[in-house]
Each structure stands twice: as structure tokens, then as C-alpha cells.
Amino acid sequence: MSVIVVLIGFSLMLAIGFLIAFLWSVKSGQLEDKYTPSVRILFDDIKPDKAPEKKVNEKHND
Amino acid sequence: MQETVTQVITQCYHCGDDCEHLSISIEEKYFCCEGCKLVYEILNEKNLCDYYSLNEKPGIKQSGIFAKNKFEFLEDEKLQSQLIDFKDSQISKITFFIPSMHCSSCIWLLENLFKINSSIVRSQVNYLQKNLTVTFLNNSITLRKVVETLASIGYEPKLKLDDADKKFQASQNKTLYSKIGIAGFAFGNIMLLTFPEYLAIDDSSIELKKFFSFIIFFLSLPVFFYCSSDFLKSAYYGLKSRVINLDVPLSLGIVALFFRSVYDIFYHYNPGYMDSFAGLIFLLLIGRLFLNKSYEVLNFERNYKSYFPISVTTKKNNIEKNIPLANLNIGDKIVVRNNELIPADSFLLTGDANIDYSFVTGEAIPVHKKLGEIVYAGGRQVGSIIELEITKEVSQSYLSQLWNNSIFKDNVDRQLVSLVNHISKYFTIIILFIAFAASIYWLFVNPAKAVPVFTAVLIIACPCALAMSTPFTLSNAMRILGRNSLFVKNTLTIESLAKIDTIVFDKTGTITEIDKSFIEFIGEELKEDEKKIASSLVKNSTHPLSKKIFNYLNLNSNFNVEDYSEIAGLGISGNIFDSHVKIGSIDFVNSSNGSSIVNKVKNDDSSKEINLNEIKVYLSINGIQKGYFKLNNYYRKGINDLINDLSKKYQLYLLSGDNKSEYENLKKIFGDKSELMFNQTPFDKLEFIKKIKLQNKKVLMIGDGLNDSGALKQSDVGISISEEISNFSPASDAILEAKSLYNLNKLLDFSKISVKLIITSFIISFLYNVVGLYVAVQGELSPLFAAIIMPISSVTVIAFASLSTTVFAKIKGLLN
């Protein structure tokens, strides 16, 4: 039966890990805005260093 | 204005407005104005045209290019330090409020600001709060340039200095989330570890039991010392000020649960009621979260400072300069343009001043001012540019004085004794009585059981379900009211709304629409060419009344006007096709021709002041008076029915800052029972509310302008009416969108129903309590029984609260 002590120790550790992750997410402000990220994820990334002229041309061909 | 001939109307590629002509275009794309085209050009150049592919016509109409030095005041160091959130040697961080953002395109563009200006390192949108947080490099870009960049693409931020409260609210929510997380974590784990106990595995070794119990003990420590601290503190402060609030019986239960369980853990090596304890705190905190619900975008605490502009244009030696409002001194000369606000009492130096005081006094029609006359703060200039000289400091001006009234000074909110707190006093006394009575009984019968019974009573009576009923009912009610465009400041406002028995209305802007006054022509019907002549004449004038008449005539005539002259405050005249046309006041129209036409409409008094009572603009052509244009107030949709319905249930009053000209119409609407009062100053309104409150009336004030703000604050519930909810509205308890005013009766009914539902859920939770107490006084309360009955009672109440409010909202037609 003493194996249960070890198992409970592990399970608590795991749970505390999740708790810390949650507290971190609260602290970093993830719960402050529950709407914008859902929109943001749908945007394509634009890289700032991409040569702008090239893309302008592409646009004009549209 | 729709033409009768059907015609394909091209919409602006940027903002979606109709293009009046197709002269402004790039390639195949048409724009309504140069401003919109300019924005497109910027975005096109920076390769940000995805903006247009995410949503159709996402832009914001760019009405002209902003003045070059409009944001000059942002160079002021002191002002900068007030606006900027964070600054170090390299970067600055600032949060802007941008009410014009409205779609995903806006988010996309605003988060890609770095493409427009590479000195902007990062920009992040909070859409619900309409905030944009910008991080920029100090060395390569100034705050002014950042704001100008935003303005150039149509997202001009609203700069204001009163944001301190919001940040506090955000950090409060953060702690609440952390507490919920920890309590939930402890609750889950304790329940899991208590499970063997419930299965009554007695043959397990004492060592294992000890191990389980101590883990449970350590898990419960943060719950008691961190998570439940709010309830304990609130109970302590309540008792200290001799008030028994709901947190007192809650804390009794919490303390009894915790210490009884600690005793059990250390003396019997069983976990006691710790799972019920953690579960209770977890549920209570969730209730708190619902109770704290509020609308993030809306600000209910605005004072005159947020109404006033943050900067003003001063003029010194003919050089215009924008300075922060705080730096404005007596004697400064300032320039006020069309639609700008006058920040401080001052006198008129040059220009044609038509001051619209509707927001301050409730007068519907702009007042004309002569050179040298005093112009009061809070008015809005309509028409051309004027120059003013400041005579009083901003904080000493007529308007700001209202805020010096004591009601604005004490920060203490109205004493909101919620229903629960009212009940909890009796509740606590009864529970304590039962607990003592039961333990005294057991002292004689079986002394060993006295203390356990005492704690058991406190534990089972812990009014968890009671504490749940209010937040869940009211937060759901708040959501439903919000769907119907009544945005209440907090959940407690709904309780106050339910108690209302007197309603006070403001007139201008509340039951009438300011911009929509309608005009009728009284006199002989005008012939088509006469209309055209009048229309051509008023087209030349920028006076607000001329514009209204022009819109009323609705003709696109463009006759050539010769000898046009405008005499400020009197009228306009000119020659069109040999006809001499005059439009203006009766004196002006009749002046030079000595006409024989009798002044048909006579006021009892002929003094000038009284003439303002009714707004009539006379028209004469070739010296013959044709009649007059009469300006009527435009009452909001459904106002007749609303007042009619309300007057059956409530005592109604009308307080108008305007003159008596509308008395007859209003009397018809309000009927005989209601009192109507006119020419009320902001102070009069405030005093009036005070007076009727002394008669033990619960007053609901409905107003819109700054002139009502004293009354809104003084009343039990103040609702401010707003055409657009993100626009400015004075400090109040609730904001109602103007288009939903007709629904007010239903909304008030619904808040009454909500309170009744709370009472019903009280009864449900009492029934559970009776069952629990019956078991507890017999000394039979096992941890398992507690662990079942406590969550069940809470869940029943939560389910009842949420479902019943929704059902009643549907019955009332407030939800589909």
C-alpha cells in the first residue's frame, strides 16, 4: 500500500505544476482580454523585414 | 438624401459611405473624400492593404486632415509623464483609448503599426476595452508622432487623464482569479484525498491516515489564509462598524469549518470537513466574480475633466500654439473652432459666436453672443472660428463649480444596503441562538457532544447558497438588461432600480432628440420657386438654424445670391432674381420696409428674452412676409406610450433647463398627475432631487447632459441617456442607449422581477438549511452529509437563479 504515498506525491506535484501555470497566466494578463486573441490568431503573420516593394507589385497584380 | 431615380450608389472603398461624385479615385477604387483616399494611400504604400480584404469597407471616415499643430501639446513633458504607463532609457509604453475600433480589420491594422513606422516596437489591442497598448523607441519617435500616426490612419485616440481607477479594477480581478485557481486546486485535491474516508476503509493503517490528513491540512492552509481573507476581513470591518453583513454568518461558518477540521485532523487523523470547506470557498469566490461583473468599455465615473478637451489652442502674437488645458491661465487668448468646447469662462474677442449650451443647460438652440460678452465653459461653438480671452480658471468656471458641491466630494458611494445584508442580520442571530440552544441541551444530555453540535450548526447554516443567489440572479439580469441596451454600473444597481417609486426626466436630449428637432412652415404654403429662393439664401449661412431650414427644404437649388449679408443674431438677406429675400427674426424681417403686415403671432411679453420662448424664423420676399419656420422639439420614439405606462405606476416629474415653449406638448404627454418644471439650473435640479428624497421617495433620474450630472448623482439611481454608449455620458449608475428608452418600463419591471427571484432563491436555500439544521442539532452531522448537502444547495440555487431570470426575460420579451 505504501506505493500510494509515492503516487499521491507525484499526482500532487503534477497538479501543483498546473496551478503554477494558471497563476502565471493570470499574472501575465492572459485573462484580462478574453476576446482579442481569438481574432488575432486568424491573422497571417507579416514579417517586418520582408522587402516591401515586392509585395506591392503582387498586390497590383490582383 | 435619396434621389427618386434609382441609381447605383458607389460606396467609399475605405469607409463605406456613399460617394457623392466619382471624382476621387485611385485605379478602380472610389472614395467619398480626400481624407479616406489619403488613408488608403498610406496603407497601400506600407503594403497594408490586407486591411481591406479582412472586412468590407472597414475604414473610419476621415473628415479632413487634422490641423498640423493639433497634437503639439503632447510635447509637454509633464503631460507626457501623466499619459505614459512606463518609460525607461530606451522605450516607452502607453495605452490609448480608441473608441473608433470596431472590427477585426481594426485589430489587424493597429497591431501592425510597426509597418507604418518602424520606431513603434509593438502594439497590442484589447478589443473589449477598446485599448491599444503601444511600445515605442524614445530616441527615434515622440509621443506626438505616435498619436499623429494613429490619427493619420483614422484611429485618433481619445486622450484623457482619469484612467487610474480602471487599472485598480484590473489588478483586483487578477487577485480574484488567483484565489479561485488556488481554491479550486485545493478543493479538487482534498476531495480526492477524502474519498477513502467516505468509503470507510477502516482497515487502512493509521500511518496512511495520518499522511492523508496532513496533506489535506497543508492544502487547506492557503485556502483559509489567502483565499478566504476577503470574507473574513469584510466581516471584521462590518462588525467593527456595528453592521452585520452577509460575510458575518459566512465567516462564522468558515471559521467553524476550518478549526473543527483542524481539530479532527490532529486528534482523530481524519480530514473532517475540509473538502466542504475548500468547496465552499471556491463557490463563494466564483459568486464574487459574478458580483464584480461590470462593463469594461464603459466608464460610469466621469467628471467634467473627461468632458473637457485635454488641450486648447492659444494665440499669442498671432502664433497659434496647442497647450495642455492645465497650463491655461487667466488672460490667455484662445481659439475655438466649429464644434469645439469652451474650456473656461471667458469673453468673446472676435468672431461670430453661436454657443450650443445644450449639454450644460439643456437649452436646445444655440445662443448668439456679442463681442465682449461672457461665454461660459462647457458650451460648444457652432459655426466659424472665434477667439476668446480667459477670465476664470478652468476649475473655477461656472460649470466646474457644480463639482464643488459636496455630493461630488465625498467619495463614499450611496449606502447600498443590499437585500442579502438586510436579511443576514436576522439570519445570524437566529443561527447563533439555535447553536447555543442545541449545545446547552447537549451539555445536559451528553456533554461530549455539546461542542461538536455547536460547530455543526454553524457549519451547516453557513449561508453559502444565500450568498450565491444574489450574484447569479443579478449578473444574469445585468446581462439581459445589457442586451436591451441598459448598461448598469454594477449588479447592486438592479436592486436599487427595483425600489424606485419616483422618476424624474430631463427634457432636452432625454425625451427629445437634440439633433433632430423638426421644422414646419407656418403661413401660406410656399410655391416651389419660393422654396428654392429661400433654400439658396440659407445655404450661404453657417448658422445652425439656417442649416436646419436648409435640410428641411431639402432642395438642391443653387441660385446666385447677390448682396448677401448676415447680421449676427438677427438674420440673413440677399437678392435673388430681383427679389429681395430676408430670413430671420421678426424685427429683422419687418425692419426696413415698414410693412403693414400685422404681427400675427404675439407673445404676451415683447421683451427679447421671452421671444426666445418659441423659435420662429420669419421669411419675407420683396417685403411681403410669407410666414415663419417653426422649430419643434422632436420627441423620441415611443415616448408617449412610455410616459403613459410609467405614470400608472410611478410619480413622474420633468425638470427642463429649457424654457416653457413646449409646455403644452409636454402636458399632453405627461398628463395631469405629473409635475413639469422649466428653466431649471443644474443646481435647481440637484436641490429638487434632494427635496423629494427627503420625502422618502426612491428617485430615478434620467438625464443626458452635464447639467443633469448633479441630479444623477443625488438620485437613488441615475440613468444617463446616450446616443452612442461609448460616447461621453456624465457619471451615473447606468447608461441607457437612447433608442431603447421606449423600453424603460419593461426594464424596470424586469429588475423588480429579478429581486423577487432573489427572494425565492433565499427561500430555497432556507429550506436546505432547515434540513441541515435538523440533522445538525441531533449531533448526527457527518462530514459526508455536509459534503453532499452544501454543494447541492448551492448548485440548486445557482441553477434556479440563472434559469428563472432567463425564463422571465423571455416572458417579458426581453430575450428572444
Side-chain angles (χ1 to χ4, degrees), chain A, chain B residues 27 44-50 52-54 101 103-112 114-115 118 121 124-133 169-171 173-182 184-186 188-189 192-193 196 201 203-205 207-208 211-212 215 218-219 222 296:
Chain A
M1 252 331 228
S2 60
V3 72
I4 204 163
V5 177
V6 182
L7 285 178
I8 283 174
F10 276 124
S11 79
L12 266 182
M13 227 102 93
L14 194 67
I16 287 172
F18 283 118
L19 178 67
I20 289 169
F22 174 76
L23 292 180
W24 168 78
S25 76
V26 171
K27 204 169 176 242
S28 67
Q30 287 185 24
L31 286 168
E32 271 167 40
D33 186 357
K34 284 158 255 168
Y35 177 78
T36 326
S38 70
V39 178
R40 193 178 293 137
I41 198 166
L42 299 172
F43 297 145
D44 294 329
D45 284 343
I46 343 173
K47 291 203 178 82
D49 28 321
K50 230 182 203 173
E53 289 108 290
K54 247 186 174 177
K55 247 198 148 183
V56 170
N57 289 336
E58 281 168 27
K59 270 281 145 191
H60 282 290
N61 293 339
D62 283 358
Chain B
E27 293 162 16
N44 192 29
E45 185 197 331
K46 301 288 181 186
N47 191 17
L48 286 166
C49 282
D50 278 357
Y52 297 104
S53 52
L54 287 166
M101 62 169 92
C103 64
S104 53
S105 282
C106 302
I107 300 175
W108 182 81
L109 182 61
L110 289 171
E111 297 206 332
N112 283 310
F114 64 87
K115 294 208 68 174
S118 58
V121 186
Q124 195 172 15
V125 171
N126 184 332
Y127 185 74
L128 292 182
Q129 295 185 1
K130 306 238 187 268
N131 276 350
L132 175 71
T133 310
Q169 175 69 27
S171 75
N173 267 346
K174 267 190 187 178
T175 12
L176 190 55
Y177 282 127
S178 308
K179 284 180 178 176
I180 291 176
I182 291 170
F185 161 80
N189 282 289
L192 204 69
L193 296 172
I201 308 170
D203 51 338
S204 55
S205 68
E207 287 306 310
L208 212 53
F211 172 72
F212 272 66
I215 289 183
F218 283 114
L219 284 173
E296 286 169 337

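We name chains A, B, ... by the order of the sequence lines, and we start the count at 1 in each one.
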- Are any side-chain N or O atoms of A:Arg40 and backbone N or O atoms of B:Gln124, one a donor and one an acceptor, separated by less than 3.5 Å? no
- Search all heavy atoms of A:Lys27 against all heavy atoms of B:Lys174 and return the closest pair with its distance. O-NZ, 3.1 Å
- Message: Minimum heavy-atom separation for A:Ala15 and B:Asn189, please, with both atom names.
- Response: CB-ND2, 4.0 Å
How far does [atom1] of [X] sit from [atom2] of [Y], to the nearest 0.5 angstrom?
| X | Y | atom1 | atom2 | answer |
| --- | --- | --- | --- | --- |
| A:Thr36 | B:Leu110 | OG1 | CG | 11.0 Å |
| A:Ile16 | B:Leu219 | CD1 | CG | 7.0 Å |
| B:Trp108 | A:Leu42 | CH2 | CG | 14.0 Å |

- So, the part of B:Tyr177 with a heavy atom under 4.5 Å from chain A: the answer is both
- Which region of B:Ile215, side chain (C-beta onward) or backbone (N, CA, C, O), has a non-hydrogen atom less than 4.5 Å from a non-hydrogen atom of chain A, or is it both or neither? side chain
- Output, in order, the C-alpha distance, side-chain angles, deciding distance and verdict of side-chain contact (heavy atoms from CB on, under 4.5 Å) for A:Leu23 and B:Ile182. CA-CA 8 Å; A:Leu23 292 180; B:Ile182 291 170; 4.2 Å; yes
- Item | side-chain contact (heavy atoms from CB on, under 4.5 Å) between B:Phe211 and A:Ile8, intermediate numbers included | CA-CA 10 Å; B:Phe211 172 72; A:Ile8 283 174; 4.2 Å; yes
- Query: Side chain, backbone, both or neither: which part of A:Val39 has a heavy atom under 4.5 Å from chain B?
  - Reply: side chain
